[in-house]
**Student:** 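Before anything else, here's the structure in question.
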Amino acid sequence: MSDIEDLLPDGSARSVPEGATGLDLAGAIGKRLAKDALAAQINGDLKDLSVALRAGDHVAIVTPSSELGREIIRHSTSHVLAQAVTRLWPGAHYAIGPSITDGFYYDFELPGDAHFSDGDLERIDAEMRSIIREDQPFTRAEFSWADGLALFADQPFKLEIINAVASGGSAEDLDEVDASVVSTYANSPTFRDLCRGPHVPTTSRLGHFKLTRVAGAYWRGDEKRPQLQRIYGTAWESEAALEAHLEFLVQAELRDHRRLGQELDLFSFPSEIGPGLAVFHPKGGTMRRIMEDYSRNRHVQGGYEFVNTPHISKEDLFLTSGHLQWFADGMYPPMELDDGQKYYLKPMNCPFHVLIFKSRQRSYRELPLRFFEFGAVYRYEKSGVVHGLTRVRGMTQDDAHIFCTREQMAGELASLLTFVLDLLRDFGLADFYLELSTRPEGKAVGTDAEWHEAEATLADVANAAGLELVMDPGGGAFYGPKISVQARDAIGRTHQMSTIQLDFQTPQRFDATYISADNARTQPIMIHRALFGSVERFMAVLLEHYAGNMPTWLSPEQVRVLGVRNDHDAYATSVAEALRRDGVRVTVEEASEPLGARIRKAKLEKVPYILVVGDDDVAKGTLGVNQRGSNDPERGVALAEFRQRLNLEIAEHGSPEVT
RNA sequence: GCCUGGGUAGCUCAGUCGGUAGAGCAACGCAUUCGUAAUGCGUAGGUCAGGAGUUCGAAUCUCCUCCCAGGCUCCA
């Protein structure tokens, strides 16, 4: 038997005996690596460790603490989950079980009309751990189509996947299985799954997992097909990594905007009003006002003109716009008047702005026209999707429509994108990428040429912005493609923020025209854009980004002044008055409770500055400054100095924690 | 809309076998006057989401409706 040479990721060559496997190679490199190895990446393809190497292969050994390693662990854990379920519920059908971000899931259909309930997770977990203790190998075997069909004769979902792949297959199916043969992994004589692999060598390599929830999921993601039950879990390479992830989930929950909304007394959703319909309390109302005022000022500077439109309209308007044809299900049902006329709550502001454009004859000299409105819109979201302030049934869009010529379009889009990013940065979001959503198949109006031009224009502008660009094929609106700005928040989650949509259709549908330089009636290009998206959603994102510790300029209460004793209250009040004259939102809490208790309350309310004033301060005209996020109060700060610092911080949109 | 859970005081939650409800915090009152994350004592607070049913008796069991959560589908 002769040796062969293979290449390692660092470019070096390593010789191993002919017929050696990935595991042998790992062993040749080091004992520790052989112990850790999960799989091998051979010439770019992920393979089981047991696969034999050929001369000249480029081989990388996949270890647990890499992204690929975690993916394999998660995928293998999902197989263990499926086996556990089939042991506990003989006759259960298992559908698909991929790895996902941070974990895995598997979809099941239980025999009879059985369903998982939350309590079953514990039993399944115990069964999974016993499978892991059994140290079962993941054994790959390949079969012909016919043998594959026979093998999974009692697994209808597997049969459907095999048949789909045999007859061409979709990308989704090919992800699950290989195109050429039916490949399977068997863990034991009683459990075999259809899978392309690779997997960890044996189940004992797994175990740092937690089943998190049971959910419903449609087979093949199709609402009209049977609903299966999905079990989600998270899995990691070590107990420490698992613990760290669970802690991350706890931290994420602490900054949930719905929780903060209640704790900070910002808003609520009274059930008397209805799902997805928020009321803003005084503090939330203040925060909104500051956000809106700031946005208004920026729009004035940006050359926008302010318009106002009603909340309801006759049905014809939405027939002309096309919204009723496409989105009737998503609109509140009509109010029908005595004469049979139907009125709808508006789900969008655009048709109204088009009518303002059309209210008189327009000249090319007026363009671009930029109409801005904080427009309240109502959408009848399905009951299961309503979520806090991020998915509501009534919201306020910072909506504008720009009417311009074809020639102006590219420049207008480019300056708009700058305007958007500047505004988002002013609110403290800094980490962005762009997403380009293109024509939705079977749900679009307009010609191929128009779509092509619109998509190409947006792509150019997006590329010119120098940000990462992600494609979202088919994600556009029915009337045109869009760019959306995605922002990463303080703990790395992404949120869709602003959208910019290009629209050649609406002006056509409404027959909106201007008189061009050559005296011809010409259709303008319409750009839809919302920077906050909705004021409600934007507030939610900011709350989660800052974990409720809003920068001082956005804090509903910026300063609270506390006298040490009752006889300091008068001085505290005079300090507050001085700050209030600067426009600062400040309150005084009288000394009817111990100082420590009042400080605690103010800290829990996340007030950026707590000023404590006592004998020394009354005598010298100073303050004790307790800054949010600091455990080290500053004593004897002159009032004038504090005012200067605070006013500067507010003007610069700063936050006390940022030093 | 669908699947699985849930709804008890303002908030967070306990409530055993079906025997008419409890804590902590908050609120209110009185006392306390205090230098950086909880002063003490007392008081009040409930249509156990709503409705119907089973039962001598329902927060507890059954059904319906509303609302909430986690997912799926959807998102102009």
**Student:** One thing to verify: whether A/D399 and A/R529 come together as a salt bridge, which I'm taking to mean a side-chain N less than 4.0 angstrom from a carboxylate O.
**Tutor:**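 Result for this pair is no, no salt bridge flagged.
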**Student:** Any salt bridge linking A/E263 with A/K606? Criterion: basic side-chain nitrogen under 4.0 Å from a carboxylate oxygen.
**Tutor:**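 Looking at A/K606 together with A/E263, the answer is no, because their closest N to O distance does not fall below 4.0 Å.
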**Student:** Mind checking who B/C74 pairs with, Watson-Crick or G-U wobble, both distances under 3.5 Å?
**Tutor:**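 Across any shown strand, B/C74 pairs with none.
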**Student:** How far, in whole Å, is B/A14 from B/G7 if one measures between their P atoms?
**Tutor:**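 Comparing P positions in B/G7 and B/A14 gives a spacing of 8 Å.
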**Student:** Rounded to whole Å, please give me the gap between CG in A/L604 and P in B/C11.
**Tutor:**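 Going from CG in A/L604 over to P in B/C11 covers 17 Å.
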**Student:** Quick one: look up who B/U12 pairs with, Watson-Crick or G-U, both distances under 3.5 Å, and put none if it's unpaired.
**Tutor:**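 Partner of B/U12: B/A23.
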**Student:** Determine, for A/D256 against A/R258, whether the closest basic-nitrogen to carboxylate-oxygen distance falls under 4.0 angstrom.
**Tutor:**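 Yes, charged N to carboxylate O under 4.0 Å.
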**Student:** Could you measure between the two C1' atoms, the one in B/A52 and the one in B/C66, and give it in whole Å?
**Tutor:**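 Each nucleotide's C1' atom is 15 Å from the other's.
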**Student:** What is the distance, rounded to the nearest whole Å, between atom CZ of A/F108 and atom P of B/U4?
**Tutor:**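 Rounded to the whole Å, the gap is 16 Å.
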**Student:** What's the CZ-C1' distance between A/R393 and B/C67, to the nearest Å?
**Tutor:**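 Taking CZ of A/R393 and C1' of B/C67, I get 11 Å after rounding.
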**Student:** Going by modelled atom types, is there a donor-acceptor pair between the base of B/G35 and the side chain of A/D615 at under 3.5 Å?
**Tutor:**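 When only heavy-atom distances are counted, A/D615 does not reach the base of B/G35 through any donor-acceptor pair under 3.5 Å.
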**Student:** Expressed in angstrom and rounded to an integer, what is the separation of A/E589 atom CD from B/U36 atom C1'?
**Tutor:**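 Taking CD of A/E589 and C1' of B/U36, I get 14 Å after rounding.
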**Student:** Output the rounded distance in Å from CD (A/E605) to C1' (B/C11).
**Tutor:**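 For the pair A/E605 CD and B/C11 C1', the rounded distance is 14 Å.
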**Student:** How many whole angstroms separate atom CD1 of A/I610 from atom P of B/A38?
**Tutor:**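 About 12 Å, once rounded to whole Å.
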**Student:** Need one value for A/L562: base, sugar-phosphate or nothing, where a base atom within 4.0 Å counts as base even if backbone is also close, heavy atoms only.
**Tutor:**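 Nothing: the residue A/L562, judged by heavy atoms under 4.0 Å, touches no strand.
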**Student:** Going by an N to O cut-off under 4.0 Å, is there a salt bridge joining A/K358 and A/D511?
**Tutor:**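 Here A/K358 does not pair with A/D511 in a salt bridge, since their nearest N and O are not under 4.0 Å apart.
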**Student:** Does A/D118 make a side-chain donor-acceptor contact with the base of B/U4, cut-off 3.5 Å?
**Tutor:**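 Checked by distance alone, the answer is no.
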**Student:** Name the orientation class of the two ring planes belonging to A/F374 and A/F372 (parallel below 30°, tilted from 30 to 60°, perpendicular beyond 60°).
**Tutor:**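 Rings of A/F374 and A/F372: perpendicular, as their planes differ by over 60°.
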**Student:** Pick base, sugar-phosphate or nothing for A/D617, based on heavy-atom distances below 4.0 Å to the nucleic acid.
**Tutor:**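 Base contact - A/D617 has a heavy atom under 4.0 Å of at least one base atom.
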**Student:** Using Watson-Crick or G-U wobble geometry with both distances under 3.5 Å, which nucleotide pairs with B/G29?
**Tutor:**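 Paired with B/C41.
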**Student:** Salt bridge or not for A/E605 and A/K283, using N-O below 4.0 Å?
**Tutor:**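 Answer for the salt bridge query: yes.
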**Student:** List the protein contact pattern of nucleotides 68-76 of chain B with one symbol per nucleotide (5' to 3'): B for base contact, S for sugar-phosphate-only contact, - for none; contact means a heavy-atom distance under 4.0 Å.
**Tutor:** SSBBBBBBB
**Student:** Any idea which of B/U33, B/U36, B/U4 is nearest the A/H115 side chain?
**Tutor:**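 Comparing B/U33, B/U36, B/U4 against the side chain of A/H115, the answer is B/U4.
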**Student:** A/N566 near the nucleic acid: base, sugar-phosphate alone, or nothing, with a heavy-atom cut-off under 4.0 Å?
**Tutor:**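 Touches a base.
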**Student:** In whole Å, measure the gap between the P atoms of B/U8 and B/C28 for me.
**Tutor:**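 My reading of the P atoms in B/U8 and B/C28 gives 23 Å.
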**Student:** Mind checking who B/G57 pairs with, Watson-Crick or G-U wobble, both distances under 3.5 Å?
**Tutor:**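 By the stated definition (distances under 3.5 Å), nothing pairs with B/G57.
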**Student:** Determine the interatomic distance between C1' on B/G42 and the same-named atom on B/U32; round to the nearest Å.
**Tutor:**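 Comparing C1' positions in B/G42 and B/U32 gives a spacing of 14 Å.
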**Student:** Considering only the C1' atoms, how many Å lie between B/G19 and B/G57, rounded to the nearest integer?
**Tutor:**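 Roughly 7 Å separates the two C1' atoms.
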**Student:** Both distances under 3.5 Å, Watson-Crick or G-U wobble: report the partner of B/U62, or none.
**Tutor:**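 Its partner is B/A52.
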**Student:** Which whole-number value in Å describes the distance from A/L623 CG to B/U36 P?
**Tutor:**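 So the two atoms are 16 Å apart, to the nearest Å.
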**Student:** Thinking salt bridges, do A/R255 and A/D489 make one under a 4.0 Å N-O criterion?
**Tutor:**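 Salt bridge flag = no for A/D489 with A/R255.
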**Student:** Between B/A37, B/C3, B/U33, which one does the side chain of A/I599 approach most closely?
**Tutor:**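 For the A/I599 side chain, the nearest candidate turns out to be B/A37.
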**Student:** Do A/R393 and A/Y380 meet the cation-pi criteria used here (NZ or CZ under 6.0 Å from the six-membered ring centre, within 45° of the axis)?
**Tutor:**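 Yes, a cation-pi geometry.
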**Student:** May I ask which nucleotide in the shown strands pairs with B/G35, Watson-Crick or G-U wobble, both distances under 3.5 Å?
**Tutor:**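 B/G35 is paired with nothing.
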**Student:** Take atom C1' in B/G15 and the same atom in B/A23, then report the distance between them in whole Å.
**Tutor:**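 It comes out at 11 Å once rounded to the nearest Å.
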**Student:** Reckon A/F116 touches a base, only the sugar-phosphate, or nothing at all at heavy-atom distances under 4.0 Å?
**Tutor:**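 Touches sugar-phosphate only.
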**Student:** Using atom P of each nucleotide, how far apart are B/C74 and B/C48 to the nearest Å?
**Tutor:**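 So the two P atoms sit 41 Å from each other.
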**Student:** Quick one: label A/T212 by what it contacts on the DNA or RNA (base, sugar-phosphate, nothing), any heavy atom closer than 4.0 Å.
**Tutor:**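 No contact at all - A/T212 keeps every heavy atom at 4.0 Å or more from the nucleic acid.
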**Student:** In terms of the nearest nucleotide of RNA chain B, which residue is placed more toward the 5' end: A/K603 or A/D567?
**Tutor:**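 Result of the comparison: A/D567.
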**Student:** Charged N to carboxylate O under 4.0 angstrom, A/R220 versus A/E160?
**Tutor:**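 Answer for the salt bridge query: yes.
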**Student:** Measure from NZ on A/K601 to C1' on B/U36 and round the result to the nearest Å.
**Tutor:**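 Distance check: A/K601 NZ to B/U36 C1' gives 15 Å.
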**Student:** Could you identify the nucleotide paired to B/G5, looking across every strand shown and requiring Watson-Crick or G-U wobble geometry with both distances under 3.5 Å?
**Tutor:**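 WC or wobble partner is B/C68.
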**Student:** Among A/F108, A/Y232, A/Y106, find the residue that satisfies the ring-ring contact (aromatic ring centres under 6.0 Å, His included) test when tested with A/F116.
**Tutor:**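 The single option meeting the ring-ring contact (aromatic ring centres under 6.0 Å, His included) with A/F116 is A/F108.
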**Student:** Who does B/G46 pair with, Watson-Crick or G-U, both distances under 3.5 Å?
**Tutor:**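 Paired with no nucleotide.
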**Student:** If I pick the P atom on B/U20 and the same atom on B/U43, what distance separates them, to the nearest angstrom?
**Tutor:**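 It comes out at 23 Å once rounded to the nearest Å.
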